[in-house]
Structure formats: C-alpha cells, structure tokens
Amino acid sequence: MREAVGAAAAEVAGAEAPPRGVALERPKNQAHGDFATNAAMVCAPIARDNPRNVADGIAAKLADELGDLLTSAEVAGPGFLNLRLSDAWYGGALGHVLGEDAFGSGVAPTPERINVEFPSANPTGPMHIGHGRNAAYGDSLCRVLKYAGHEVSREYYSNDFGTQVERFGASIAARAAGSDVPEDGYQGEYIDAIAKSIPGAAGMTAEELQHVGVEKMLAMIGETLTRMGVEIDVWFSERSLHQDDRFERAIETLREAGHIYEHDDAVWLRTSELGDDKDRVLRRSNGDYTYFATDIAYHQDKRQRGFDRLIDIWGADHHGYIQRMKAAYAALGGDPDTFEPVIMQLVNLTENGQRVQMSKRSGEFVTVDDLIDDIGADALRFFLVQRSHETTMDLDLALAREQSDKNPVYYVQYAHARINSILEKAGIGTDAGLPTAIPELHESERALIRRLIEFPDEIAETAFRRSPHRLTIYGREVAAEFSAFYRDCKVVGEADDVTQFRVGLCVAARSVLAQTLDLLGVSAPERM
RNA sequence: GCGCACGUAGCUCAGUGGAUAGAGCGCUGCCCUCCGAAGGCAGAGGUCGCAGGUUCGAAUCCCGCCGUGCGCGCCA
C-alpha cells in the first residue's frame, strides 16, 4: 500500500523515489477514508501544479495499480487523498499478520550491536523508585531494540570503588560494633541488617566489610531486578578497571592524542575544544584521579569491546555530564554520534498528595521491593514506562495501591485474557488459516485490522525514538479496538467462513497484544 | 547569572509541520435472558504558559518574555 502510494507519487513528481515527507496515515475522522496521504501536497511544488490536480493524477495511477483492492480514492480539502480499501485487501492484510513468524520484528533499517548501560544504582543501598524507572525504561528499550533486529547487551556499572563505598563499609563496621554510623555514612536500617547477616562482622575491618557488603548489596539489587523481569547480561566492576592497566592505558591514549595538559599541579583534559564549556580535571593536585577519569576508562573499555553504539541511561541530575563525556569520548577517538546518553527525568513519589522522602542518607525511602509488594511487578513496570522518559512524573502510591484494578495494565491484560477465552470456546484450530473467500466485514473488524498492521511501524518508531512509552499507548489502542470488535461481532456460532475469519482475527490480535506486553516486560495472562 | 529540560482538560499525561488537539483517572447519566461488566455507550470539561516570526498550514520549527525543575566542584 505504502509502496503503491510512493510509486504513484514519484511518477507524478517525475522522480525516481517518492519525495521526502510523503506519508500514509490513518485519518482520525472516518469520513476521510481508511487511509489518507498528503502525497499530492508534497509533490505539487515539484510537479509545478496545484495540489488537487496532482492528487487526481495519483488517484488515477493508484486505481490502475491496485485494481479491485481499492474501493475509492477521493481528493479532499487542500489536496489530501482519501483512500478506501476493499474487504479483499483487508483479508490479505490479516493473512500477512498471521503469516509472519514474529510479526513486526526485524524492522531496524541497519542492525547494530548496542550496549545499553542501566540502571547502575550505587551498591550502597537498595533500589529506589528512580532506579526503578531507569530499569523499567532501560529493559523495555532493550527488548524493543532487540525485537527490531539489533544485538543488545544490558550492562550494569557498579560503582564499587572510591569514597561512597568506603563510607558504606565504615557504616557497616560502626553498626557491627554497636556504635552510631559516622556523620557522612549511610543511615538506613538495611545497614543494620547487612551487619547482622555477616558472621563475625564485629571482628572485621571496614575494608573487609565494604567488600562483603557490596557483594551482598549487588546480590540484593540483582534479585530486585529479577523480580522486575530485568536480566542484566554484564555486571561491570569499576574497581576492576584499576586491577590491571586498563585505567592507565585510557589516560595514556588521551595523552598521546594530545588532549591532556598540566596546570596548577593537576592534570586536565581539554574538553572545551570538543564542545564542553570548560576543561575538566582528570588528576587532582593531591594525586587522586577524579571519578570522571575512571568513567573515561570505563567507556574506552566498552568501546573496545566492539559495539556499534553505546547507550547510557542516566538520572536527571547527570545531564550536566553529557557534554564532557561526549568530549572525552571523542578525545578517545570515538564518534560522538555513536555515544548516546539518555536522561531519565525524576519520579516524584507522593502519597495522599504529600511528597514521600527519598533520601538514601536518612534511610527514609520507599524501595522498589516495597512497591512490587504493594502493587505488583506488572503494574509497577507499566506505570513507570508509561510516561516519556523526558518528563518528570508523579506516582501516587495511594492511587497505585487502591485503584490498582483500574490501572491501564489490567485493561490490556484483560483484553488478552478475553481473546484467549473466546478462542477456547471457539474450539477450532487456531492455525486453521483464513477462509479463501473473505466474508463481508464489519467496520470494527476493519478498524482492528488497521490497528494490528501498524505494529511494525510502531516497533520501528519506538526503537528509533528510544521511546518505549509509545507501546503502552499502542497496547491500550489495540485492546480498545478489540473491545469494539467484541461488542459488534460474535465469533462463535456464526457461518463457517465468518467464524473462521474472526478466529483468525482473534489469533492475530492476541499475538500482537502478547508481544506488546512482553516488550513492556509485563505478563500476558491467559486468565485473570 | 550561565546552561539543559519542561509548561496541553479538575488531576496524571500522550501528541511524527497536516483536516474538528486526544487518553486514563475523576465527574453526570445509561447498558449484563448476549463468546469474560477488570467491559461498553453517551455527556460535561481546552485562549495547547504569554507575545511575535517562518508557510498553503504551527501544540509541533525559530526569537523574546513569564513560570517550574535540574545542573553549573581539583565531589562521586
């Protein structure tokens, strides 16, 4: 269909390929046909004719090419071309959905090897809601990228080196000794729990406790991620960079490339020449390297592992870090376009309109585990990925808890379970295929088919824009379209060809819904 | 002060330069002798922050202003 319109547009414009900007879209208003195209308005300047004449030309060519698959093509408004398609075309479209193994997969124009780093919560405490959003987003993005045809590696960067984990170890040591944690330590009750869970903790040094504590903390975070349905492929230790010469080599690379200079006893990276506001310190005058320096070594390591693209998913408070890291990446010899930091905005956790405290230091925070216990992993993931990652969002705990049965996630899952139930009742083989003669269709059937065949475009767009939240909307739309079909069309007990066609439609809808839910990391129950 | 985001229905938020700007929640009123009512139907509710510009056409792109958030360290 799209090709036919493109070809007709190209011909009228006298060009080889369809001009940029030609779009085939689903009109919101049913009076505007099954599909509409702006092709004539785009081509008019090229063809040096007014849009309505151009539209007439395209319409004639389409009628020629599509034959009886096309019912009508009318020119409307400033030059829109409104197209109506026959039931035979709809039958063919549904057959196409059913005929593919993994409908909508492999749509990425150029498959890449992509490393996605998230949520990289510090191993000094449990995951809170911000990490939860990061994980829900990151994992769904990975699933979509993979489905679209990319090769994906999920990587967790553990900050198990430096000041923060030292304070963490000191805090455990203090609790193990029965004294108060230091002023700059971690206050949460979980520190107590960790201290108690380590046999002989009282006799261990802060450094030993730090290592054991980090190990325990990472295991806990891994368990939380598993409960969320997130499986990390690579757990990367910051400390490991310092255990061989990888750190020194990365710095040496920068030095050889001439990006480093010394000033005031410190070592600087000339990031200002690569898009940053000012130069940044790599080694302080006291001899210590900065966190930035280690991060550069980490990204050099990732780069050398042969990925086509690195995606880092960072919290909102890191957006000031983007320019300097891109500059460093370029200084290492990387193409800045293949390094893609994505910023996750904040989640404001509220309860009865009141802001819930999330400070790790004070220990008063709601953990992801608490939330899963409260509202379930499905609802949590759906909620967290429902909003665009670039929007600050509110999550009202009381609402999520008390009204969980009105959560949109149940609406989509319900449609899936209901289709399943209908297919069981129909009792005929779900792989029977469509009847050879397509029965006359109800408008709800056409609407549902139109929605289902959007799926590949939806996947491509979601992957390209790194916006998995689109799929929560798409899933609701499919569910709503199915509900309309369910209202208008009986499946069981109709004439053989009608039932057979509708069973096929149900199978297709179920498979698209199940796939959509899976990409969101949400279960697709057969019964609820 | 500088930089980066964000201002869309009562609330939370979608919206790819296209036709009459949408969804969920909340509100009002209906629908189960009917394959699942966790559902459906109808309704009320909008100066898309303000003011200019770009063009056949702007919530969308550009400039300015107002508001909110975040970041501006030889911290991590």
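Letters go in sequence order (proteins before strands), and every chain restarts at 1. A quick note: this is a predicted structure, and the numbers were derived from the prediction, not measured. For the numbers below, each heavy atom of this structure counts, side chains included, while hydrogens, waters and symmetry mates do not.
Comparing B:G36, B:G40, B:C74 by their closest approach to the side chain of A:Arg284 singles out B:C74. Comparing B:G39, B:C34, B:G24 by their closest approach to the side chain of A:Pro408 singles out B:G24. Among B:A76, B:A14, B:G18, the nucleotide with an atom closest to any side-chain atom of A:Ser388 is B:A14. Comparing B:C72, B:C35, B:G39 against the side chain of A:Lys278 picks out B:C72 as the nearest. Which of B:A76, B:C6, B:G18 sits closest to the side chain of A:Glu390 comes down to B:C6. The side chain of A:Asp317 lies closest to B:C70, out of B:C70, B:A19, B:A76. When distances are taken from the side chain of A:Thr290 to each of B:A38, B:G36, B:A76, the shortest belongs to B:A76. Listed nucleotides: B:G36, B:U16, B:A76. Nearest to the side chain of A:Arg470: B:U16. Of the candidates B:A76, B:C35, B:C13, the closest approach to any side-chain atom of A:Gln164 belongs to B:A76. The nucleotide whose nearest atom lies closest to any side-chain atom of A:Thr391 is, among B:U16, B:A14, B:G36, B:A14.
Between B:G3 and B:C63, the distance separating the two P atoms is 12 Å to the nearest Å. Of the P atoms belonging to B:G52 and B:A59, the separation is 14 Å, rounded to the nearest Å. A gap of 11 Å separates the C1' atoms of B:G7 and B:C50, to the nearest Å. A gap of 23 Å separates the C1' atoms of B:G17 and B:C13, to the nearest Å. Annotation: B:G24 and B:G39 have their C1' atoms spaced 15 Å apart (nearest Å). Atom C1' of B:U20 sits at a distance of 15 Å from the matching atom of B:C48, rounded to the whole Å. With C1' as the reference atom, B:U12 and B:U16 are 23 Å apart, rounded to whole Å. Remark: the separation of the C1' atoms in B:G49 and B:A38 is 38 Å, to the nearest Å.
Nearest-nucleotide positions on RNA chain B place A:Arg465 closer to the 5' end than the other of A:Arg465 and A:Gly162. The nearest heavy atom of RNA chain B to A:Ala479 and to A:Tyr291 marks one nucleotide each, and the one closer to the 5' end goes with A:Ala479.
For the pair A:Asp457 CG and B:G15 P, the computed distance is 17 Å after rounding to whole Å. If you measure from atom CZ of A:Arg510 to atom P of B:G36, you get 14 Å, rounded to the nearest angstrom. Atom-to-atom, CG of A:Asp276 to C1' of B:G71 comes out at 13 Å; the value is rounded to the nearest Å. To the nearest angstrom, P of B:C75 lies 12 Å from CZ of A:Arg324. Atom pair A:Met393:CE and B:C11:P shows a separation of 17 Å (rounding to whole Å applied). In this structure, A:His319 places its NE2 atom 4 Å from C1' of B:G71, rounding to the nearest Å. A:Gln345 has its CD atom 16 Å from the C1' atom of B:U12, to the nearest Å.
Nucleotide B:C27 carries an anti base; the chi torsion (O4'-C1'-N9-C4 or O4'-C1'-N1-C2) is more than 90° from 0.
For the 3.5 Å distance criterion, the side chains of A:Asn159 and A:Tyr291 qualify, holding a donor opposite an acceptor. Side-chain contact, A:Tyr298 with A:Glu155: a donor N or O sits under 3.5 Å from an acceptor N or O. In the model, A:Asp378 has no side-chain atom that pairs as donor or acceptor with a side-chain atom of A:Tyr410 under 3.5 Å. Between the side chains of A:Asp265 and A:Ser285, not a single donor N or O lies within less than 3.5 Å of an accepting N or O. Side-chain N/O atoms of A:Asn420 and A:Arg510 include a donor and acceptor closer than 3.5 Å. There is no side-chain donor-acceptor pair under 3.5 Å between A:Ser158 and A:Arg239.
Both key distances under 3.5 Å define a Watson-Crick or G-U pair, and stretches of 3 or more such consecutive pairs in RNA chain B run B:1-7 with B:66-72, B:10-13 with B:22-25, B:27-31 with B:39-43.
For B:A76, its base never sits under 3.5 Å from the side chain of A:Asp288 at any donor and acceptor pair. Judged by atom type and distance alone, A:His318 does not reach the base of B:G71 through any side-chain donor-acceptor pair under 3.5 Å.
Ring planes of A:His389 and A:Tyr137: tilted class, angle from 30 to 60°.
Taking a cutoff of 4.0 Å between a charged side-chain nitrogen and a carboxylate oxygen, A:Arg466 and A:Glu461 do not qualify as a salt bridge. With respect to the salt-bridge test (charged N to carboxylate O, under 4.0 angstrom), the residues A:Asp301 and A:Arg246 qualify.
Heavy atoms of A:Tyr411 sit under 4.0 angstrom from primed sugar atoms or phosphate atoms, though from no base atom.
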